[in-house]
Amino acid sequence: MESILFEITDGVATLTLNRPDRLNSFTAAMHQEVREALAEVGREGSGVRCLLLTGAGRGFCAGQDLSDRAVSPDAEMPDLGASIETNYNPLVRTLRSLPMPVVCAVNGVAAGAGANLAFACDIVLAARSASFIQAFCKIGLIPDSGGTWTLPRLVGHARAMGLAMLDDKVTAEQAEAWGMIWKAVDDDKLADEAKALARHLATQPTKGLALIKQALNASSTNGLDEQLDLERDLQREAGRTRDYREGVSAFVAKRAPQFEGR
Ligand code: T3D
């Protein structure tokens, strides 16, 4: 793999976007490698119980590689809808539906689809020097990779509109204060803190965490009645897992639980 680094250790799959000289912006080849890695993460029997996504070098991801889009004035422009359909939408759908927690360690600037990719993850840590920029409006595009859906849900309509239209840079600390991410972390602690968090999550009741993810993601569109019904159904499923039995047994026996992830 040339554009990413990928390894699985102790139940944690770490996917590092690795085109640092282009701030890890996406090419078609990088999309393909990311797709293959995520297919392995989601494969039954892979043993992966948490995904950690990060970037190499000083940036997290600058979205689409624009050198792939610079065409001469008389040439036909590429069909961006096709690019979204083939590459960005499946990526966001996969991250949102993977049956395990997805931790994102934003190590530097996250721009365009790179910012919205981070917001599609479940728990986002960011280095204090990192920043989030929508970037789309300054080249005549609209926020994609779920940005028009996640931004208003994270920060409300007014701030979402401002970020999308004005292209203001949001620092990691501001992103934390606005509820866009879980936590801003000192730069030199980000990698260790993200790894520790991912390792911790990989020892927890994975099926239960996947059901939490499903329920919270569904709450964005469900009404209260639908959500109550969903909680009933998912709790029924959670109550049938081996980890629930183990959690209760360990609690009653006053010992540490040993979760299997199912
Ligand atoms: O096309 C489709 O398929 C549709 C989907 C679109 C999804 C999208 O993501 S559209 C949005 C694309 N991204 C952008 O518009 C962001 C462009 N980048 C920037 O605005 C800035 O680079 C940053 C604000 C992210 C960072 O600024 P700064 O000053 O820290 O770094 P820099 O000097 O601008 O960038 C460093 C290098 O990375 C530089 O190359 P050089 O001069 O050292 O040779 C720069 O050209 C390169 N780079 C940064 N972003 C991209 C990029 N090269 C190609 N594509 C990029 N997106």
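Atoms within a ligand are numbered from 1 in the order they appear, just like the ligands themselves.
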Participant: Looking at ligand 1, does any of its N/O atoms fall within less than 3.5 Å of an N/O of Ser67?
Facilitator: no
Participant: Strictly less than 4.0 Å: does any protein heavy-atom distance to atom 53 (N) of ligand 1 fall in that range?
Facilitator: yes
Participant: Looking only at side-chain N and O atoms, does Thr27 offer a donor or acceptor that is under 3.5 Å from a partner on Asp68?
Facilitator: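 No.
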Participant: Hey, looking at atom 30 (O) of ligand 1, which of Arg22, Arg58, His31 has the closest heavy atom?
Facilitator: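 The nearest heavy atom belongs to Arg58.
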Participant: Ignoring hydrogens, tell whether any protein atom lies closer than 4.0 Å to atom 34 (O) of ligand 1; use the non-hydrogen atoms only.
Facilitator: no
Participant: Would the number of heavy atoms belonging to other residues, nucleotides or ligands and lying under 6.0 Å from CZ of Arg245 be above 12?
Facilitator: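 Open.
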Participant: After noting the C-alpha distance and the side-chain angles of Glu76 and Val71, does the key distance pass the side chain to side chain contact (heavy atoms under 4.5 Å, CB included) rule?
Facilitator: CA-CA 8 Å; Glu76 202 173 315; Val71 294; over 6 Å; no
Participant: Take Glu176 and Lys183 through the test salt bridge (Lys or Arg N to Asp or Glu O under 4.0 Å) and record every step on the way to the result.
Facilitator: CA-CA 6 Å; Glu176 179 186 323; Lys183 206 159 51 144; over 6 Å; no
Participant: Given Ser145, Ala62, Ala135, identify the one with the heavy atom nearest to atom 13 (N) of ligand 1.
Facilitator: Ala62
Participant: Give a yes/no on ligand 1: does Asn87 have at least one heavy atom closer than 4.0 angstrom to it?
Facilitator: no
Participant: Numbering the atoms of ligand 1 from 1, which are under 4.0 Å from a heavy atom of Tyr88?
Facilitator: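 In order of number, 3 (O), 5 (C).
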Participant: Glu260 vs Lys207, test: salt bridge (Lys or Arg N to Asp or Glu O under 4.0 Å). Steps then yes/no.
Facilitator: CA-CA 9 Å; Glu260 297 170 29; Lys207 177 76 182 174; over 6 Å; no
Participant: Determine, for Lys189 against Asp192, whether the closest basic-nitrogen to carboxylate-oxygen distance falls under 4.0 angstrom.
Facilitator: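 Answer for the salt bridge query: no.
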Participant: Could you list which atoms of ligand 1 come closer than 4.0 Å to a heavy atom of Leu80?
Facilitator: 1 (O), 2 (C)
Participant: The test is side chain to side chain contact (heavy atoms under 4.5 Å, CB included); show your working for Asp122 and Trp182 and say whether it passes.
Facilitator: CA-CA 9 Å; Asp122 300 321; Trp182 176 240; over 6 Å; no
Participant: Any donor-acceptor pair under 3.5 Å linking the side chain of Asp186 with the backbone of Asp188?
Facilitator: no
Participant: Does the protein put a heavy atom under 4.0 Å from atom 37 (C) of ligand 1?
Facilitator: yes
Participant: Assess whether a salt bridge exists between Arg19 and Glu2, defined as any Lys/Arg side-chain N lying under 4.0 Å from an Asp/Glu carboxylate O.
Facilitator: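 A salt bridge is absent here (no side-chain N lies under 4.0 Å from a carboxylate O).
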Participant: Could you walk me through whether Phe259 and Arg49 satisfy the side chain to side chain contact (heavy atoms under 4.5 Å, CB included) test, starting with their C-alpha distance in whole Å, then the side-chain angles of each, then the deciding distance to 0.1 Å, before giving a yes or no?
Facilitator: CA-CA 11 Å; Phe259 294 118; Arg49 292 171 63 183; 4.0 Å; yes
Participant: Applying a 4.0 Å heavy-atom criterion (strictly less than), which segment of Ala111 is in contact with ligand 1: side chain, backbone, both, or neither?
Facilitator: side chain
Participant: Verify the contact flag for atom 27 (O) of ligand 1, where contact means a protein heavy atom under 4.0 Å away.
Facilitator: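 Looking at atom 27 (O) of ligand 1, one finds that no protein heavy atom lies closer than 4.0 Å.
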Participant: Among all protein heavy atoms, pick out the one at the shortest distance from atom 56 (C) of ligand 1; state its residue, atom name and that distance to 0.1 Å.
Facilitator: Gln64 O, 3.7 Å
Participant: Do you see a protein non-hydrogen atom under 4.0 Å from atom 18 (N) of ligand 1?
Facilitator: no
Participant: Among side-chain atoms of Asp65 and Ser67, is any donor-acceptor pair under 3.5 angstrom?
Facilitator: yes
Participant: Would atom 21 (C) of ligand 1 count as contacted, meaning some protein heavy atom under 4.0 Å?
Facilitator: no
Participant: Nearest protein heavy-atom contact for atom 23 (C) of ligand 1: which residue, which atom, what distance?
Facilitator: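 Atom 23 (C) of ligand 1 sits closest to the protein heavy atom Leu23 CD1, 4.3 Å.
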Participant: Looking at atom 42 (O) of ligand 1, tell me if a protein heavy atom falls under 4.0 Å from it.
Facilitator: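 Neighbour list for atom 42 (O) of ligand 1 is empty of protein heavy atoms (cut-off 4.0 Å).
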Participant: Taking non-hydrogen atoms only, is Leu66 closer than 4.0 angstrom to ligand 1 via side chain, backbone, both or neither?
Facilitator: both
Participant: Would you check if there is a donor-acceptor pair between the side chains of Asn107 and Arg58 at a distance under 3.5 Å?
Facilitator: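 Side chains of Arg58 and Asn107: no pair found under 3.5 Å.
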Participant: For atom 3 (O) of ligand 1, grab the closest protein heavy atom and report residue, atom and distance to one decimal in Å.
Facilitator: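 Checking every protein heavy atom, the shortest distance to atom 3 (O) of ligand 1 gives Ser83 OG, 2.4 Å.
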Participant: I want to know if ligand 1 touches Ile84 in the polar sense, i.e. an N/O pair below 3.5 angstrom.
Facilitator: no
Participant: Please could you name the atoms of ligand 1 that Asp144 approaches to less than 4.0 Å, counting only its heavy atoms?
Facilitator: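 Matching atoms, with element in brackets: 5 (C), 6 (C), 7 (C).
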Participant: Give the intermediate values and the outcome of side chain to side chain contact (heavy atoms under 4.5 Å, CB included) for residues Met1 and Glu36.
Facilitator: CA-CA 10 Å; Met1 294 200 168; Glu36 287 167 17; 4.0 Å; yes
Participant: With respect to Thr16, which candidate in Asn24, Leu52, Leu5 satisfies the side-chain contact (heavy atoms from CB on, under 4.5 Å) definition?
Facilitator: Leu5
Participant: Can you check whether Lys138 has an N/O within less than 3.5 Å of an N/O in ligand 1?
Facilitator: yes
Participant: Under 4.0 Å from a heavy atom of Gly63: give me the atoms of ligand 1 that qualify, with their elements.
Facilitator: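 Those atoms are 9 (O).
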Participant: Just heavy atoms, cut-off under 4.0 Å: does Arg69 contact ligand 1 by side chain, backbone, both, or neither?
Facilitator: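 Contact part for Arg69 vs ligand 1: side chain (C-beta onward).
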Participant: Between Ser72 and Asp74, do the side chains contain an N or O donor and an N or O acceptor separated by less than 3.5 Å?
Facilitator: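 A donor-acceptor contact under 3.5 Å links the two side chains.
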Participant: What atoms in ligand 1 come closer than 4.0 Å to a heavy atom of Asp21?
Facilitator: 37 (C), 38 (O)
Participant: Could you tell me whether some N/O pair between Phe136 and ligand 1 is separated by less than 3.5 angstrom?
Facilitator: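 No, Phe136 has no N/O under 3.5 Å of an N/O on ligand 1.
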Participant: Just need the protein heavy atom nearest to atom 24 (C) of ligand 1, so name the residue and atom and give the distance.
Facilitator: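 Of every protein heavy atom, Ile133 CD1, 3.6 Å lies nearest to atom 24 (C) of ligand 1.
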